[in-house]
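Report on the structure given below.
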Amino acid sequence: PEVIRRIYVGDGMGYTNIGDALEILNDGDVIYVKDGTYTETIDFKGKAITLISENGPENCILDGESTRRIITFESGEDENTIINGFTIKNGGGGHNKGGGIIIDESSPTIVNCIIEDNNASKFGGGIYLIHSSSLIDSCSIRNNNANNKGGGLYIRDAAPIIKNCTIEENYSNSNGSGIYYQNNEDTEMLIENC
């Protein structure tokens, strides 16, 4: 059987950078991230990898420093690509879509995350999601901003499942400060216990 690798990222570990760890791993592998603040852009590049913080989102922060988007899912990731237990904050850098996270033609699983203080110059301050059936579970999406639509989340032509989440104090100059949803396809979004 194929061996699942588990590696640690953080101060005193073999890797100090999440992106470097992602490069060498394969589907099914797991990255545990030590407490701290990480200032990098993360692209899963289609890999079914679990990225999990060691001690939860209050202790493990992915910070875009207001100069870049933080996480990209644009390579066909599915529910086996998992991010669990991070604060994702200060993303933006002038991106039109998805200040914190962009999900396009992919359906990752996002669990137990705090997505806050991200900005998009047009759509989806916290999360921009299109053509996706992502699961977003037990997350707090707060204080994000979009200059056009979807301060917290911008969702188009997608069927995500959003459950056990708190969506609060987001802002949009146009429509959908919390969530903007537009559907031109035969799909349905599910929001449960939020």
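Since we're looking at a predicted model, the values are computed, not measured.
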Checklist entry - Looking only at heavy atoms, what is the nearest atom pair of Pro108 and Ser106, with distance? => result CD-C, 3.6 Å

Checklist entry - Are Ile110 and Ile191 linked, directly or through other ILVMFWY residues, by side chains that come within less than 4.5 angstrom of each other? => result yes

Next on the checklist: Show, in sequence, the C-alpha distance, side-chain angles and deciding distance for Glu40 and Ile18, and conclude whether the side chain to side chain contact (heavy atoms under 4.5 Å, CB included) test is met.
Outcome noted: CA-CA 8 Å; Glu40 58 183 296; Ile18 295 168; 3.5 Å; yes

Next on the checklist: Any salt bridge linking Glu23 with Lys45? Criterion: basic side-chain nitrogen under 4.0 Å from a carboxylate oxygen.
Outcome noted: yes

Item to check | Sequence-distant partners of Arg6, side-chain contact (heavy atoms from CB on, under 4.5 Å), two or more places apart | outcome: Ile4, Val30, Tyr32

Checklist outcome for this item: On a heavy-atom basis, the closest approach of Ala146 and Gly124 is CB-N, 3.9 Å

Item to check | All side chain to side chain donor-acceptor pair (under 3.5 Å) counterparts of Lys163, not counting sequence neighbours | outcome: none

Checklist entry - Hey, is the main chain of Asn118 close enough, under 3.5 Å, to the side chain of Asn145 for a donor-acceptor pair? => result no

Item to check | In one Ile/Leu/Val/Met/Phe/Trp/Tyr side-chain cluster, 4.5 Å: Ile130, Ile102 | outcome: yes

Next on the checklist: Could you check whether any side-chain heavy atom of Arg5 comes within less than 4.5 Å of a side-chain heavy atom of Ile24, counting everything from C-beta outward?
Outcome noted: yes

Next on the checklist: Under a 3.5 Å cutoff, is there a donor and acceptor pairing between the side chains of Asn96 and Ser121?
Outcome noted: yes

Checklist entry - Less than 4.0 Å between a side-chain N and a carboxylate O, is that true for Arg142 and Glu169? => result no

Next on the checklist: Tell me whether Ser134 contacts the main-chain N or O of Ser132 through its side chain, where contact means a donor paired with an acceptor under 3.5 Å.
Outcome noted: no

Item to check | Co-membership, hydrophobic cluster, residues Ile127 and Ile114, 4.5 Å side-chain | outcome: no

Checklist entry - Which atom names give the shortest non-hydrogen contact between Gly46 and Glu77, and what distance separates them? => result N-OE2, 2.8 Å

Checklist entry - So do the side chains of Ile82 and Leu51 get within less than 4.5 Å of each other, counting heavy atoms only? => result no

Next on the checklist: Among residues at least two apart in sequence or on other chains, which ones pass side chain to side chain donor-acceptor pair (under 3.5 Å) with Glu105?
Outcome noted: His131

Checklist entry - Does Ser107 reach the main-chain N or O of Ser133 with its side chain, forming a donor-acceptor pair under 3.5 Å? => result yes

Checklist entry - Quick one: does Thr81's side chain have a donor or acceptor within less than 3.5 Å of a partner on Lys47's backbone? => result yes

Next on the checklist: Could you tell me if Tyr15 and Asn17 have a donor-acceptor pair between their side chains, going purely by distance under 3.5 Å?
Outcome noted: no

Next on the checklist: Under a 3.5 Å distance rule, please check whether Asn59 uses its side chain to pair with a backbone N or O of Asn55 as donor and acceptor.
Outcome noted: yes

Next on the checklist: I need the full list of ring pair (Phe, Tyr, Trp, His ring centres under 6.0 Å) pairs touching residues 55-109, with sequence neighbours left out, sorted by first then second residue.
Outcome noted: Phe44-Phe73

Checklist entry - Any donor and acceptor pair, going by atom type alone, linking the side chain of Glu168 with main-chain N or O of Thr166 inside 3.5 Å? => result no

Next on the checklist: Ignoring hydrogens, what is the shortest heavy-atom contact between Ile70 and Leu62? Give both atom names and the distance.
Outcome noted: CD1-O, 3.6 Å

Next on the checklist: Just to verify, what does Tyr38 make a ring-ring contact (aromatic ring centres under 6.0 Å, His included) with, not counting sequence neighbours?
Outcome noted: none

Checklist entry - Using a distance-only test with no angle check, is there a side-chain donor-acceptor pair under 3.5 angstrom linking Asp117 and Asn90? => result no

Checklist entry - Would you say Leu190 and Leu129 are hydrophobically clustered, going by side-chain heavy atoms of ILVMFWY under 4.5 Å? => result no

Next on the checklist: Are Ile167 and Ile155 linked, directly or through intermediate hydrophobic residues, by side-chain heavy-atom contacts shorter than 4.5 Å (ILVMFWY only)?
Outcome noted: yes

Next on the checklist: Using only atom types and a distance under 3.5 Å, with no angle test, would you say the side chain of Asn112 pairs donor to acceptor with the backbone of Asn84?
Outcome noted: no

Item to check | Working for side chain to side chain contact (heavy atoms under 4.5 Å, CB included), residues Lys89 and Ile61 | outcome: CA-CA 7 Å; Lys89 65 184 291 185; Ile61 298 165; 3.6 Å; yes

Checklist entry - So, do Ile136 and Ile161 sit near enough that their side-chain heavy atoms are less than 4.5 Å apart? => result no

Next on the checklist: We want to know whether Ser172 and Ser177 form a side-chain donor-acceptor pair, criterion being a heavy-atom distance below 3.5 angstrom.
Outcome noted: no

Checklist entry - Taking all non-hydrogen atoms of both residues, which atom of Glu188 and which atom of Asn183 are closest, and how far apart? => result N-ND2, 4.3 Å

Checklist entry - Run the side chain to side chain contact (heavy atoms under 4.5 Å, CB included) check on Ile31 and Ile49 step by step: do they pass? => result CA-CA 8 Å; Ile31 301 172; Ile49 289 173; 4.2 Å; yes

Checklist entry - So which heavy atom on Asn144 is nearest to which on Ile141, and how close? => result ND2-CG2, 3.6 Å

Checklist entry - Who are the ring-ring contact (aromatic ring centres under 6.0 Å, His included) partners of Tyr128, not counting sequence neighbours? => result Tyr154

Next on the checklist: I'd like to know whether Asn170 forms a side chain to side chain contact (heavy atoms under 4.5 Å, CB included) with Asn143, so could you lay out the CA-CA distance, the side-chain angles of the two residues, the decisive distance to 0.1 Å, and finally the verdict.
Outcome noted: CA-CA 5 Å; Asn170 300 285; Asn143 300 318; 5.5 Å; no

Checklist entry - So which of Thr87, Ile71, Ile101 actually passes side chain to side chain contact (heavy atoms under 4.5 Å, CB included) with Ile115? => result Ile101

